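Numbers restart at 1 for each chain; the letters A, B, ... are given by sequence-line order, proteins then strands. For clarity, every value in this text was computed on a predicted model and none was experimentally measured.
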Number of protein chains: 2
Amino acid sequence: MSPQAKETGTDSPQRPRVEGEREQEILDATLAILAEVGYDLLTMDKVAAAARASKATLYRRWKGKPELVIEALLAHKGEHPAPDTGTLRGDLIASFCGAGGMTDPQQMAIMGSLITAISRDADFAEVFRRDFIGPKAARTLQLFERARDRGEIDEDVDLEIVIPALPGILLHRQFLLGEEPTDDVITRVVDQVILPAVTR
Amino acid sequence: MSPQAKETGTDSPQRPRVEGEREQEILDATLAILAEVGYDLLTMDKVAAAARASKATLYRRWKGKPELVIEALLAHKGEHPAPDTGTLRGDLIASFCGAGGMTDPQQMAIMGSLITAISRDADFAEVFRRDFIGPKAARTLQLFERARDRGEIDEDVDLEIVIPALPGILLHRQFLLGEEPTDDVITRVVDQVILPAVTR
DNA sequence: TGATGGAACGGAACGGTTTCGTACCGTTCT
DNA sequence: AGAACGGTACGAAACCGTTCCGTTCCATCA
């Protein structure tokens, strides 16, 4: 290795090539492959072909497959601010039906593609839960806390149990029962399961 | 292929070697590997090594990996009759905490190992849902129908929504949140989510 | 302005490993 | 004896990580 300085340290852009746009294309291609075949069957060759990049480029930029996939996941977190419709019911339906919610096909495909991997790889699971699940859970928690402040939720309700119920029910219907989540199903689950659990 | 009859049809074993016990050992080994590494990374070599069988034997008996895995799943449905404690609450807790329930580690590992595969392979998904999920769902349905006959469930409750809620919540907590399902969690979910949904 | 050097790129190939499905053994049980 | 078994080995294919090559783009400088 040449003893070249690793970086200038300043903000002067010395590396104009794979700076932003091209890198994002590669990450998008990674997510597409991930959603299509799953983590275990995702190969660097497939990603390179889909992104029209060479494997050499991938390995110049990323250490390997886990690092590439994780960075692709983190770069994907599009801003989805929590809705504020004034009622818990409206917030839940808006949140889970909208962009990034349970009706987003690629979002759901990514979920399904990763469950097996995180069941086996503890390190992968930790990053996934912290950086992918965490923000979503925090947003949903916000909805419930606002509802509690408005008095919509009984005092003795254990939010730790109730909050994850909605995504759990919907994911189960999708993957185990094979039912595409529709707005109608989400509404029925909210009305018949979630709301009765918080207001008795 | 020779036009041989697929099987005798009777229970007379024409194949004395790999007939019953040995075959079950291979299927058990298949399930163990499946639970350990998942469907995509399960290989015939791993199964052969784990079962101390030769790959030739596997290919003599099964056509390939999908057939072997599916048959292993079907042969695994140990008889788990629905409990009858007299109350819906007792039945649910007994059913989901007991053998074959959500606290069975291998059962859960198999679930996680298959979700990615059934998200991609429609044929595999159909067999899995019909022969693996189906019996479990039917058993749970039986619990709810008995409870409804006893008057424990309001008339306007949509069982299609409520019944899959409990497994959904528990699976989500296990795989997405990384929480081992304990009897205590199952009880709290039943008391705080399921029962309020059926009796308002 | 025009030429030059360097860095990053795409494409291709490499060796080493893994998997699959099959074939060939010697052994064991009926 | 004969059939089925376990073990081994094989070729084909896929994958991984690396390393070539030739090209393209950019910054620098005459």
Item to check | NZ/NE/NH1/NH2 to OD/OE distance under 4.0 Å, B/D40 and A/R120 | outcome: no
Checklist outcome for this item: Whichever of B/A56 and B/K65 has the more 5' nearest nucleotide on DNA chain C, that residue is B/K65
Rounded interatomic separation in angstrom, taking [atom1] from [X] and [atom2] from [N]:
X: A/L58; N: C/dG11; atom1: CG; atom2: C1'; result: 13 Å
X: B/L68; N: C/dC20; atom1: CG; atom2: C1'; result: 14 Å
X: B/K63; N: C/dC20; atom1: NZ; atom2: P; result: 15 Å

Name all residues meeting the side-chain hydrogen bond (donor to acceptor under 3.5 Å, both in side chains) criterion together with [X]; count only those two or more places apart in sequence or in a different chain, and write none if there are none.
X: A/S54; result: A/T57
X: B/D123; result: none
X: A/E67; result: none
X: B/K55; result: B/D45

Checklist entry - Looking only at side-chain N and O atoms, does B/Y59 come under 4.0 Å of OP1 or OP2 in C/dT22? => result no
Checklist entry - A/R22 side chain N/O closer than 4.0 Å to the phosphate oxygens (OP1, OP2) of C/dG10? => result yes
Item to check | Whichever of A/R60 and A/G64 has its nearest DNA chain D nucleotide further upstream toward 5' | outcome: A/G64
Donor-acceptor list for residues 91-104 of chain B side chains, cut-off 3.5 Å, not counting sequence neighbours:
from   : atom 1 : to     : atom 2 : distance (Å)
B/D91  : OD1    : B/T85  : N      : 2.6
B/D91  : OD1    : B/T85  : OG1    : 2.9
B/D91  : OD2    : B/R146 : NH2    : 3.3
B/S95  : OG     : B/R139 : NH2    : 2.9
B/T103 : OG1    : B/C97  : O      : 2.7
B/D104 : OD1    : B/Q106 : N      : 3.2
B/D104 : OD1    : B/Q107 : N      : 3.4

Item to check | DNA chain C-proximal residues of residues 37-55 of chain A, any heavy atom under 4.0 Å | outcome: A/R52, A/A53, A/S54
